[in-house]
Every structure is written in structure tokens, then in C-alpha cells.
**Q** 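Can you read through this structure? Questions will come right after.
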Amino acid sequence: KTFREILQEEKQLMEIVQLVGKDSLAEDQKLILETAKIIREDFLQQNGFSEWDRVCPIYKTYWMLKNICAMYELAYKAIKNSADRSITWERIREHLDEQYVKLTEMKFEVPHGAGREQEITEAYEKLNDSIVKGFNELETEG
């Protein structure tokens, strides 16, 4: 799914949540709500007065998008491939808590300064590797 599709689907799901509650949603729908929240609050929402948000160079944008996509796609795959439905959004969130927090904090990296491009790229690449590793561990746990 594209980010736009996720945000559009979030709008529809929020109507259901208001009527019958979040517990009534399927696990992949809970994932859509959480991913949309990350997209809205941690990627799209900006503060032009802050040091980290005033300018967002393309390399930072690229890695932020890549990591959000990786989390969504791997979580979706894990949920759908869980034959016994043991992999839930809650379980993913618990198992990959550190990665989730880092994902939501990516925007706070100040992009300008000597060597910052390389530092940020390496940190975001490391986060991406950690997300992949976390899902591999989760799926082998059963």
C-alpha cells in the first residue's frame, strides 16, 4: 500500500472505531491505524521553528520513508503469515518496542552540520537492519 492509501483507509477505520471500538478491528487494520499515526505525526507533521524540522534533506526523507515502509510491510507480512494468528499487532509492538520508538524519533535528528549526512544515513540504515532482524526473530519464535 502507498502512504496515501494507508491514510485514506485510516479515515474509514476511525469511523468503525468510533462506533464499535478498536478491539473489533482485525490485526492488519490495527496496523494500518498505527502506521497512519506514524506517517501523520512523525513524518508529515512539521515545525518550521525547530532545528530538526526546519529543513529535511532528501537523504533523511528517503530513510524515514524506507524505515516506515519496512515496519509496515514486515508487520503486515508477519500478521498475514501467522497461520495460528499468534502474531498480533500487540505482540509485534512489544517485540519491536525499541525499533518502534526509534522509528517515531527519526524526525528529531538535526540534519545539518559537518558529517551529519553520513551519521544519519548510518543510524537509519542500522535501524532498518534492526527492524528486519526483529521480524526475523519474531517469526522464528513462532
**Q** Quick one: pull up CD1 in I68 and CD1 in I39 and give me the separation to the nearest 0.5 Å.
**A**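 If we round to the nearest 0.5 Å, I68:CD1 and I39:CD1 are 6.5 Å apart.
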**Q** Any carboxylate oxygen within less than 4.0 angstrom of a Lys/Arg side-chain nitrogen, looking at E34 and R93?
**A**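 No salt bridge links E34 with R93.
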**Q** Determine whether a donor-acceptor pair (N or O, by modelled atom type, separation under 3.5 Å) exists between the side chain of Y59 and the backbone of P111.
**A** yes
**Q** Taking C-beta and beyond as the side chain, do Y100 and I38 meet within less than 4.5 Å on heavy atoms?
**A** yes
**Q** Treating Ile, Leu, Val, Met, Phe, Trp and Tyr as nodes and any side-chain heavy-atom pair under 4.5 angstrom as an edge, say whether V132 and I79 lie in one connected cluster.
**A** yes
**Q** How close do K30 and K22 get, heavy atom to heavy atom, and via which atoms?
**A** CE-O, 3.6 Å
**Q** Looking just at side-chain N and O atoms, do E122 and Q118 make a donor-acceptor pair shorter than 3.5 Å?
**A**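 Indeed, the side chains of E122 and Q118 share at least one donor-acceptor pair under 3.5 Å.
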**Q** Kindly give the heavy-atom pair with the smallest separation between R116 and V110, and that separation in Å.
**A**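 Closest approach of R116 to V110, heavy atoms only: NE-O, 2.8 Å.
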**Q** Nearest 0.5 Å, please: how far is CZ in F43 from CG in L65?
**A**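 Separation between the atoms: 3.5 Å.
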**Q** Answer whether the closest heavy-atom distance between the side chains of I92 and L31 falls below 4.5 Å.
**A** no
**Q** In the structure I gave you, are the side-chain heavy atoms of L44 and L7 within less than 4.5 Å of one another anywhere?
**A** yes
**Q** Quick one: CG on L13 to CD1 on I6, what's the gap to the nearest 0.5 Å?
**A** 11.0 Å
**Q** Go through the structure and list residues passing ring-ring contact (aromatic ring centres under 6.0 Å, His included) with F108, not counting sequence neighbours.
**A**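 In terms of ring-ring contact (aromatic ring centres under 6.0 Å, His included), with neighbours along the sequence ignored, F108 is linked to W52.
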**Q** Going by atom types alone, do E109 and Y124 pair a side-chain donor with an acceptor below 3.5 Å?
**A** no
**Q** Please tell me if the side chains of E125 and K66 come closer than 4.5 Å, counting only heavy atoms from C-beta onward.
**A**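 SC-SC contact between E125 and K66 ruled out.
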**Q** Could you please spell out the steps behind the side-chain contact (heavy atoms from CB on, under 4.5 Å) verdict for Q46 and K107?
**A** CA-CA 9 Å; Q46 295 177 310; K107 75 183 287 176; 5.8 Å; no
**Q** Below 4.5 Å, heavy atoms only, C-beta onward: do M106 and D42 meet side chain to side chain?
**A** no
**Q** Above 12 or not: heavy atoms from other molecules or residues under 6.0 Å from CG of N47?
**A** yes
**Q** Tell me whether M64 shares a hydrophobic cluster with I58, the cluster being built from Ile, Leu, Val, Met, Phe, Trp, Tyr side chains joined at under 4.5 Å.
**A** no
**Q** To the closest 0.5 Å, what do you measure between NZ (K126) and NZ (K133)?
**A** 10.5 Å
**Q** Please name the residue in the list E98, K102, Q99 that meets the side-chain hydrogen bond (donor to acceptor under 3.5 Å, both in side chains) test with S130.
**A**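 The passing option is Q99.
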**Q** After noting the C-alpha distance and the side-chain angles of L103 and I131, does the key distance pass the side-chain contact (heavy atoms from CB on, under 4.5 Å) rule?
**A** CA-CA 9 Å; L103 196 70; I131 290 169; 4.2 Å; yes
**Q** Verify the cluster assignment for M14 and Y72: are they in a single hydrophobic cluster under the rule of side-chain heavy atoms below 4.5 Å apart?
**A** yes
**Q** State, to 0.1 Å, how close D53 and Q45 come at their nearest heavy-atom pair, and which atoms those are.
**A** OD2-O, 3.8 Å
**Q** So, using side-chain contact (heavy atoms from CB on, under 4.5 Å) as the criterion, who are the partners of E90 when residues are at least two apart?
**A**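 Partners of E90 under the side-chain contact (heavy atoms from CB on, under 4.5 Å) test: T88, E94.
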**Q** Ignoring hydrogens, what is the shortest heavy-atom contact between S24 and I16? Give both atom names and the distance.
**A** OG-CG2, 4.3 Å
**Q** Tell me which pairs pass ring-ring contact (aromatic ring centres under 6.0 Å, His included) where either residue lies in residues 7-30, with sequence neighbours left out.
**A**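 Every candidate ring-ring contact (aromatic ring centres under 6.0 Å, His included) pair involving residues 7-30 fails, so no pair, neighbours aside, qualifies.
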**Q** Could you walk me through whether L33 and V17 satisfy the side-chain contact (heavy atoms from CB on, under 4.5 Å) test, starting with their C-alpha distance in whole Å, then the side-chain angles of each, then the deciding distance to 0.1 Å, before giving a yes or no?
**A** CA-CA 10 Å; L33 289 180; V17 169; 3.9 Å; yes
**Q** Taking atom CD of E73 and atom NZ of K1, what is their separation to the nearest 0.5 Å?
**A**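 So the gap between those two atoms works out to 12.0 Å.
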**Q** At their closest point, which heavy atom of E117 faces which heavy atom of T121, and how far apart are they?
**A**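 Where E117 meets T121 most closely, the heavy atoms are O-OG1, 2.8 Å.
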**Q** Got a second to check how far M71's CE is from F135's CZ, nearest 0.5 Å?
**A** 5.5 Å
**Q** For W89, is there any backbone N or O sitting under 3.5 Å from a side-chain donor or acceptor partner on E27?
**A**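 Flag set: sc E27 to bb W89 pair under 3.5 Å.
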**Q** Do L127 and W63 come within less than 4.5 Å of each other through their side chains, counting heavy atoms only?
**A** no
